[in-house]
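I have placed the structure first, in the form of C-alpha cells, so that the comments after it can refer back to it.
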Amino acid sequence: MNITVIKKKEGRIDRNTGTVINTRLRVTAYCRVSTGDEEQINSYESQKKYYKEKISENSEWSYVDIYADEAITGTLDYKRNNFMRMIQDALQNKFDMILTKSISRFARNTVDTLKYVRMLKEHNIAVFFEEENINTLEMSGEFLLTILSSVAQQESENISTHVKLGLNMKKGRGELVGFNNCLGYEYNAKTNEFTINKDEAEIVKMIFEWYCNGHGANMIANKLTELKIKTPKGKEEWSESTVRRILKNEKYKGDVLQGKTITIDPITHKRIANMGEEDQYYMENHHEAIIDTETFDKVQEIMKQRCGSRATGRRLGNVGRKFTFSNRLRCAFCGEVLSRRSLYSNKKQVNPAWLCMQTAKKGKNYCSDSKVIKESIIEDAFVDAYQLLCNNNQFAVKKFLENMEQALRDNTSKEKIIGLDKQKEEMKQKINKLLDFMVDGTISNEQYQKKKQDYEEKIEKIDKKIEQLQLLIEDDENIERGLDKFKNIFETNTIMECFDADVFDALVDYVIVGGYNEDGQKDQYMLRFICKSQFEISNKEQVTKEYIVKNNSLQNSNSNVVVLDFISKQCFVNFERDDKGIMNKRIVEQIRVRIEMSRG
C-alpha cells in the first residue's frame, strides 16, 4: 500500500474554488467606548485614527472600513449597531480580517465572544486581538480564547459591582440617580431639581380626585383618552397601568423612593422589582408636592382595599369598578358570578357580553343552563324598568327614596369602626401586660407565646372587620351620589333614555340572570334586579351562591317585595343544540324582568 502526502497549500485558500488567494488581505477594524464622557470620546477618535493608519501602512493589507460604536456597553451585542453591521458584512464576504484592541473591546460576554468567533471562522474570516496577540484562524484550539473572554466577562461584572456601589453611596447622600418622565414635573439634570408643570399638574390632580370619588383606573384611562389628553410618553391612548403608576408614584407628595428596581444580571441587564433583595432609599420632602399627603395616603388605602377584600361571595362595595356589572351578575342555576367576554359580529364589531364563570372555566357541562347574555340587553332592561318605575309607581319610588335616605342616616358603620378600634387597642395593651408578667416570672415564656398568638389572631380578625366596614362606607358615598342623581331625574320628570351606571349602582345590589317561573320551568333569559333596601345588604350571609340557587324560583322569592314584573322587548340571538346534537339558531324577542326589594 502506497501513501502519498498531499502537502497543504501555503497562503489563504478561497473556500469556493480551493485556490490560493494572491490578492492583498482585506482588513477592517472594530473599536468601541462604553461611555460618552470627553476622555472616552477622545479615545474613541484615537482608536479610529490608529487603525486606519495601521491598515493603510501595511503593504499586504487593503483597507476596507472602520466599524465603531460610541458610548455602548459591550455586554449586549444587539445594542451595538455597528458591530452587528460588521457581522452582516462579514457574512457577505466584504473583508478577510477584523482588527480589534482586545477581547473586552470585542465583547465582554464569553458566550457572545465564542459565538461570533466561530461564526466568522466558518466563513474563513480572522479576528486579531492585539493585546492578547491571538489570531483566531491560526490558534489550535479555543481553550485560551475561552479563558481570556471569561476574564473579560468577570471584568464587566466587577465594573457593574463598583458602579452599583457608587450609585448606592450617592443615594445614601440624598442625590437623585436617574429620572424617568414624570407627568406634572420638569427635571433639571444640572441642578438636580424638580419644578412643577402647572398644566400637567392639573391633570395629575384630576386623576387623584376621580379615583377618590370612586372611579377605577380603567375608567379614568378611558376618560383621559376621550378628553384627548396625552400620556407622559406623549401617546394618545391611556392604559390602566399608566394611571396606576401615577397613583402609586410617591413623587406627587414631594417624596422620592430610589431603588424600586434592581439589575439581576450585569450581562443581560435584566431588571426586576426590588422586593427587599437590596437597599432602598426614601427621601421625604425632596421637592414641592402636587398632591397633599392625606389625599395620596387615601388613594393608597383605596387601592389596597380594591385588591381583593371579599365577604360573602362578592367584593364589598364593588369598588373595583372596572366594569359596571363586575361582581354584580349571578347565575341562577349555579350561583357563580358572570365574567365579561367579547362577542365579534361579521362586521368585526365587538359586543361585550357576560357568561357564567363556571361555564367559562370548566365548560358547558358544569352549568349547561346558563346562556351568554349581551351587556346591552341588561342595560336596556334596566332602562325599561326605570321608566316604568317612574311612570307607574310614583308612590313606591318616593317610599323607596325615603327608605334609602333613612338607611344612610341610620348607617352605623362608622360607629362600629370606632368600637372595633377600641377593642384592638385593648388587645394591644393586654399583649404589653403579658410581656410584663413574663419578665417578672408570673407566667412562662411558653404561656406568653400562646396567649400572645391568641390576641394577635383576634387583632387580625378585627382588622378584617374594619376593612369590610370601610368598604361599606365607601360604597355608601357612591350610592349617595347615585341617589342624588336618581332623585333629580325623578323630581324633574326627566326621561332616562340610556343606561346610567351611577343610577344602577345606587338602586341595584345584584342581578340574577336566569331562573325558574311560577310553574318551576326554567327561564334562561329572565333578569331579576335585586334592589338595595338598606346598605348592609351586601354584607348579609344570605347573599351567597347557595342562597341564590335555592331562591332563584319565583315560588321562593316571596321573601322579597316585588316592585315590578314586566316583559321587556329585546332582540337576543342564541344557538342551542337539540337532542341530536344539531346546533339551531334561536331568536328571543322578549325577556321577563323583575325588580325586587329585599325585606331585609
Side-chain angles (χ1 to χ4, degrees), residues 12 21 23-139 144-145 148-160 162-163 266-269:
R12 291 182 298 118
I21 300 173
T23 57
R24 290 192 299 171
L25 197 67
R26 297 170 300 167
V27 180
T28 186
Y30 176 74
C31 50
R32 174 185 61 81
V33 292
S34 55
T35 62
D37 58 35
E38 187 175 351
E39 183 180 346
Q40 288 280 297
I41 290 172
N42 291 336
S43 171
Y44 170 73
E45 294 297 330
S46 298
Q47 286 182 57
K48 287 169 64 178
K49 183 180 179 182
Y50 164 76
Y51 283 117
K52 188 172 183 179
E53 290 177 353
K54 181 171 184 174
I55 295 169
S56 300
E57 289 171 359
N58 193 319
S59 60
E60 295 181 357
W61 290 353
S62 172
Y63 173 78
V64 176
D65 197 358
I66 296 288
Y67 297 89
D69 285 308
E70 179 183 355
I72 299 293
T73 175
T75 55
L76 296 175
D77 57 350
Y78 63 87
K79 286 191 175 182
R80 295 187 286 161
N81 294 330
N82 280 319
F83 179 84
M84 298 309 295
R85 183 169 65 87
M86 178 182 71
I87 298 298
Q88 291 297 323
D89 288 349
L91 298 181
Q92 294 174 15
N93 195 33
K94 292 186 176 180
F95 48 79
D96 304 309
M97 187 168 71
I98 301 170
L99 294 183
T100 188
K101 181 180 179 183
S102 65
I103 293 174
S104 62
R105 292 295 93 189
F106 189 75
R108 282 192 173 166
N109 180 327
T110 304
V111 174
D112 285 344
T113 302
L114 296 177
K115 179 178 74 173
Y116 289 115
V117 165
R118 288 169 180 166
M119 184 188 299
L120 294 169
K121 197 172 182 180
E122 287 178 2
H123 289 77
N124 204 30
I125 296 173
V127 182
F128 184 74
F129 302 105
E130 288 188 294
E131 286 187 1
E132 295 83 4
N133 194 29
I134 295 175
N135 186 325
T136 57
L137 288 186
E138 295 176 357
M139 59 188 291
L144 181 60
L145 181 63
L148 293 173
S149 58
S150 297
V151 171
Q153 178 171 321
Q154 185 61 49
E155 181 187 352
S156 178
E157 292 173 358
N158 291 339
I159 291 172
S160 176
H162 294 152
V163 169
I267 303 303
T268 62
H269 298 285

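Within 6.0 Å of the CD atom in Glu60, the count of heavy atoms belonging to other residues, nucleotides or ligands does not exceed 12.
The line from CZ of Phe95 to CG of Leu25 is 11.5 Å long, rounded to the nearest 0.5 Å. For the atom pair CG of Leu91 and CD1 of Ile125, the computed distance is 6.5 Å after rounding to the nearest 0.5 Å.
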Going through the checks in order, is the side chain to side chain contact (heavy atoms under 4.5 Å, CB included) test met by Met86 and Phe83? CA-CA 5 Å; Met86 178 182 71; Phe83 179 84; 3.8 Å; yes
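Considering every non-hydrogen atom in both Asn135 and Ala126, the closest pair reads OD1-CB, 3.3 Å. When every heavy atom of Leu120 is checked against every heavy atom of Ile98, the shortest pair comes out as CD1-CD1, 3.8 Å. Across all their heavy atoms, Lys101 and Tyr51 have their closest contact at N-OH, 2.8 Å. Pairing each heavy atom of Ser59 with each of Arg24, the nearest pair is O-CD, 2.9 Å. Across all their heavy atoms, Val64 and Arg26 have their closest contact at CG2-CB, 3.7 Å. Of all heavy-atom pairs between Lys52 and Ile66, the closest is N-CD1, 4.1 Å.
Proximity of a side-chain donor or acceptor of Ser102 to a complementary backbone N or O of Glu131 within less than 3.5 Å is not detected.
Looking at Tyr30 and Asn82, their side chains never bring a donor and an acceptor atom within 3.5 Å of each other.
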